[in-house]
Chemist: 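Structure incoming, see below.
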Amino acid sequence: MATDDFFKKVYSVVKQIPTGRVCSYGAIARYLGSTRSARMVGWAMNASHNHTEFIPAHRVVNRNGVLTGKNFFGGQHVMQELLESEGFIVEDDQIINFKERFWDPNTELPDFQ
DNA sequence: AACTTGACGGTCA
DNA sequence: ATGACCGCCAAGT
């Protein structure tokens, strides 16, 4: 699997995250077949700002619901504001009710070939 | 070519 | 619950 394809697949999954829901890096990595680690998903998000299309990267957090990538949104609370504008409650860089808000492509989407 | 650094995650003490 | 450790793998130095 080429790296470019991996990027596109990550983006396509992230774009399918419904508004008001969040996903984790590891969940996306698993959905794409574990050929790549969660770090690679984070790496793909790091490059997502180059993509002409809008990628809702703020809906992707780590497995604890923590906004680990907030420093990549220009300001330090831009990501938090984006999430709060979508109805999330963020406290101390962590999403409250993360469990209820979690959206897992492995269960919400058909299996990836 | 060798070493370090992460938008990570699982395990174990 | 907390923290150390390890596997992961592309990029940067």
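Quick caveat, the model's predicted, so the values are computed rather than measured. Every chain is numbered from 1 and lettered A, B, ... according to where its sequence line falls, protein lines coming before strand lines.
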Chemist: Once you round it to whole Å, what is the distance between P of B:dG10 and CG of A:Asn62?
Modeler: 10 Å
Chemist: Picking from B:dA7, B:dG10, B:dG6, which would you name as closest to the side chain of A:Ser48?
Modeler: B:dA7
Chemist: Between A:Tyr11 (OH) and B:dA7 (C1'), how many Å, whole number?
Modeler: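 One finds 12 Å between C1' of B:dA7 and OH of A:Tyr11, rounded.
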Chemist: Report the distance from atom CG of A:Asp93 to atom C1' of B:dA7, rounded to the nearest whole Å.
Modeler: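 The distance from CG of A:Asp93 to C1' of B:dA7 comes to 13 Å, rounded to the nearest Å.
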Chemist: May I ask you to verify if any side-chain N or O of A:Ser24 is less than 4.0 angstrom from the OP1 or OP2 atom of B:dG9?
Modeler: yes
Chemist: Figure out the CG/P separation between A:Leu32 and B:dG9, and round it to whole Å.
Modeler: 14 Å
Chemist: Hey, what do you get for CZ (A:Arg30) to OG (A:Ser37), rounding to the nearest 0.5 Å?
Modeler: 12.5 Å
Chemist: Between B:dA7, C:dA10, B:dG9, spot the one nearest the side chain of A:Arg36, thanks.
Modeler: C:dA10
Chemist: Heavy atoms from C-beta onward define the side chain here; which of C:dA10, B:dA7, B:dG9 lies closest to that of A:Thr68?
Modeler: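 Nearest listed nucleotide: B:dA7.
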Chemist: In terms of ring plane angle, is the pair A:Phe54 and A:His58 parallel, tilted or perpendicular, where the classes change at 30° and 60°?
Modeler: tilted
Chemist: Report the distance from atom CD1 of A:Ile17 to atom CZ of A:Phe102, rounding to the nearest 0.5 Å.
Modeler: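 Here the rounded value is 9.0 Å.
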Chemist: Have a look at A:Asn46 and say if it touches a base, only the backbone sugar-phosphate, or nothing, with a 4.0 Å heavy-atom cut-off.
Modeler: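 The answer is base, as A:Asn46 lies within the cut-off (heavy atoms under 4.0 Å) of a base atom.
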Chemist: Considering only the P atoms, how many Å lie between B:dA7 and C:dT2, rounded to the nearest integer?
Modeler: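 B:dA7 and C:dT2 have their P atoms separated by 22 Å.
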Chemist: Rounding to a whole Å, what distance do you find between A:Phe7:CZ and C:dA10:C1'?
Modeler: 9 Å
Chemist: Can you check side chain to side chain contact (heavy atoms under 4.5 Å, CB included) on A:Met45 and A:Tyr25, steps first, answer last?
Modeler: CA-CA 9 Å; A:Met45 299 317 294; A:Tyr25 304 94; 4.2 Å; yes
Chemist: Kindly point out which of C:dA11, B:dG9, B:dG6 is positioned nearest to the side chain of A:Trp43?
Modeler: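 The answer is C:dA11.
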Chemist: Looking across every strand, which nucleic acid part, if any, lies under 4.0 Å from A:Phe73 by heavy atom: base, sugar-phosphate, or nothing?
Modeler: base
Chemist: Considering every strand shown, what is the Watson-Crick or G-U wobble mate of B:dA7 when both distances are under 3.5 Å?
Modeler: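 Looking at the geometry, B:dA7 pairs with no nucleotide.
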Chemist: Can you tell me how far P of C:dA10 sits from OH of A:Tyr25, to the nearest Å?
Modeler: 19 Å
Chemist: Quick check against the 3.5 Å criterion: does A:Asp92 have a side-chain atom that pairs as donor or acceptor with the backbone of A:Gln94?
Modeler: no
Chemist: Nearest whole Å is fine: how far is B:dA7 C1' from A:Arg63 CZ?
Modeler: 15 Å
Chemist: Please state whether the phosphate of B:dG10, meaning OP1 or OP2, lies under 4.0 angstrom from any side-chain nitrogen or oxygen of A:Arg30.
Modeler: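 So the side-chain polar atoms of A:Arg30 do come within 4.0 Å of the phosphate oxygens OP1 or OP2 of B:dG10, strictly under.
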Chemist: Whole angstrom is fine here: how far is it from NE2 in A:His51 over to P in B:dA7?
Modeler: 21 Å
